[in-house]
Number of protein chains: 2
Amino acid sequence: MNANMETLAAQLRAHGHKLTRPRRAILQALAEAAKPLSPAELQTRARVFDAELGLVTVYRTLEIMEELGLVRPVHLADGCHGYALATPGHTHHVVCQRCHAVVEIVGCDLGVFLEHVAARTGYTITGHWLEIAGLCADCQRALQEEAYTREENDHAAE
Amino acid sequence: MNANMETLAAQLRAHGHKLTRPRRAILQALAEAAKPLSPAELQTRARVFDAELGLVTVYRTLEIMEELGLVRPVHLADGCHGYALATPGHTHHVVCQRCHAVVEIVGCDLGVFLEHVAARTGYTITGHWLEIAGLCADCQRALQEEAYTREENDHAAE
DNA sequence: TTCTAAATGAAAAACTTTTTCAATACGGAA
DNA sequence: TTCCGTATTGAAAAAGTTTTTCATTTAGAA
């Protein structure tokens, strides 16, 4: 059990939730994940630690963790919801809106911005998720070619 | 048809998509929406402009628009996906992770940051979505009281 | 106007998420 | 340690969402 997981476990306990075998398995799997996981993916990974783990429990545990701000929902490309740990020191991603290729960005200085937000809204900021959308080099090329071909046809037709 | 919608329509045309009545209805509804809409909500609103509009067409149109970077997926609290126009000049939101209350933030200066990202990754940045998660004042209080009550019980039990 | 490919709606299929309920297991008290 | 009460669990079913299929319609170019 690593430090990350101890913290998560402590937070659950601090709010009166029991620390069960299925939940430990889920925490462990989340702590080890390098990317947001859908509930189904999370179940698969957590079953390494608790082979009996049911999908319903994954949903219920994620719900609790989201309420406590331990986990954050993220949009996944394949049509279902993903969850990632809301730990500090995370990285951000740029996602290509056409082919869904992902590039990681290191270094993110939103600290000052977030302090302003906290001061202005009265919220305690527990985390943030910055999704940057764009077009990767390949898709830029593909889209341009598409548009170009169309234009050529238009001219040829005149 | 407002300017926003003209731009969207032009973008679809530029990539060889037909501009049909159902699609115009969808664009119109999106352009008028002040918040991210789920496909079902979008259908309801777009039916004002095309009473026959089918939900399948909403999904298909959103898929095209997402590929072209005209629309961005957003996580909604009620378990389905939301879509918002990827227009510049948008605002950001802080969402309470416990009660899902939303506060809007005006002023967001990520411009410089995004330029760095573009330069480093080779991506054309078409937009970004910053989700800030936190606890609203009410939920901070509620959670603290919960934890406090628990502690009291613990002490009383000693 | 005519033509053709793209786009459409309806129905069905496939998935995801939530609810229900009897059985189980955590963690406090003895 | 063992016992007890209640939170938690898995399985099944229900509800909701997204995707696929297919015959029909329609936009837009000739």
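In what follows, chains carry the letters A, B, and so on, assigned in the order in which the sequence lines appear, proteins first and then strands, with residues in each chain numbered from 1.
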Check your understanding: Between Thr61(B) and His17(B), does a side chain to side chain contact (heavy atoms under 4.5 Å, CB included) hold up when you go through it step by step?
Key -> CA-CA 10 Å; Thr61(B) 304; His17(B) 298 287; over 6 Å; no
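- OP1 or OP2 of dT8(D) lies within a sub-4.0 Å distance of a side-chain N or O belonging to His17(A).
- In this structure, the CZ atom of Arg47(B) is 11 Å from the C1' atom of dA10(C), given to the nearest Å.
- Here dT9(D) presents its P atom at 13 Å from CG of Leu55(A), a figure rounded to the nearest Å.
- One can place CG of Leu42(B) at 15 Å from C1' of dT18(D), the figure rounded to the nearest angstrom.
- Across the protein-nucleic acid pair, Glu66(B) atom CD and dT18(D) atom C1' stand 14 Å apart, rounded to whole Å.
- Among the atoms of the strands shown, only primed sugar atoms or phosphate atoms (P, OP1, OP2) are found under 4.0 Å from some heavy atom of Arg23(B).
- dA27(D) atom C1' lies 5 Å from atom NZ of Lys18(B), rounded to whole Å.
- Between Tyr59(B) and dT18(D) there is a side-chain N or O to OP1 or OP2 distance below 4.0 Å.
- Rounded to a whole Å, the CZ atom of Arg21(B) is 18 Å from the C1' atom of dA6(C).
- Relative to the side chain of Pro39(A), the nucleotides dA11(D), dG9(C), dT17(C) differ in distance, and dT17(C) lies closest.
- Considering only the side chain of Arg60(A), dT20(C) comes nearest among dT20(C), dG27(C), dG9(C).
- Thr44(A) and Glu41(A) are not linked by any side-chain donor-acceptor pair at a separation below 3.5 angstrom, with hydrogens and angles left out of the test.
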Practice item. Determine, step by step, whether Leu30(B) and Leu70(B) satisfy the side chain to side chain contact (heavy atoms under 4.5 Å, CB included) criterion, reporting the C-alpha distance in whole Å, the side-chain angles of both residues, the deciding distance to 0.1 Å, and the verdict. Key: CA-CA 11 Å; Leu30(B) 271 174; Leu70(B) 305 179; over 6 Å; no
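- Salt-bridge check for Glu115(B) with Arg120(B): failed, with every basic side-chain N at 4.0 Å or more from each acidic carboxylate O.
- For a distance-only test at 3.5 Å, the side chain of Arg13(B) fails to qualify as a donor-acceptor partner of the base of dG28(D).
- Here the CD1-CG distance, from Ile26(A) to Leu8(A), works out to 12.0 Å after rounding to the nearest 0.5 Å.
- Using a 4.0 Å cut-off, some side-chain N or O of Thr20(B) falls inside it from OP1 or OP2 of dT8(C).
- One can place CD of Gln43(B) at 12 Å from P of dT18(D), the figure rounded to the nearest angstrom.
- Taking atom CG of Leu53(A) as the reference point, atom C1' of dT24(C) lies 15 Å away to the nearest angstrom.
- Closest-nucleotide positions on DNA chain D for Glu63(B) and Asp50(A) were compared, and the one nearer the 5' end corresponds to Asp50(A).
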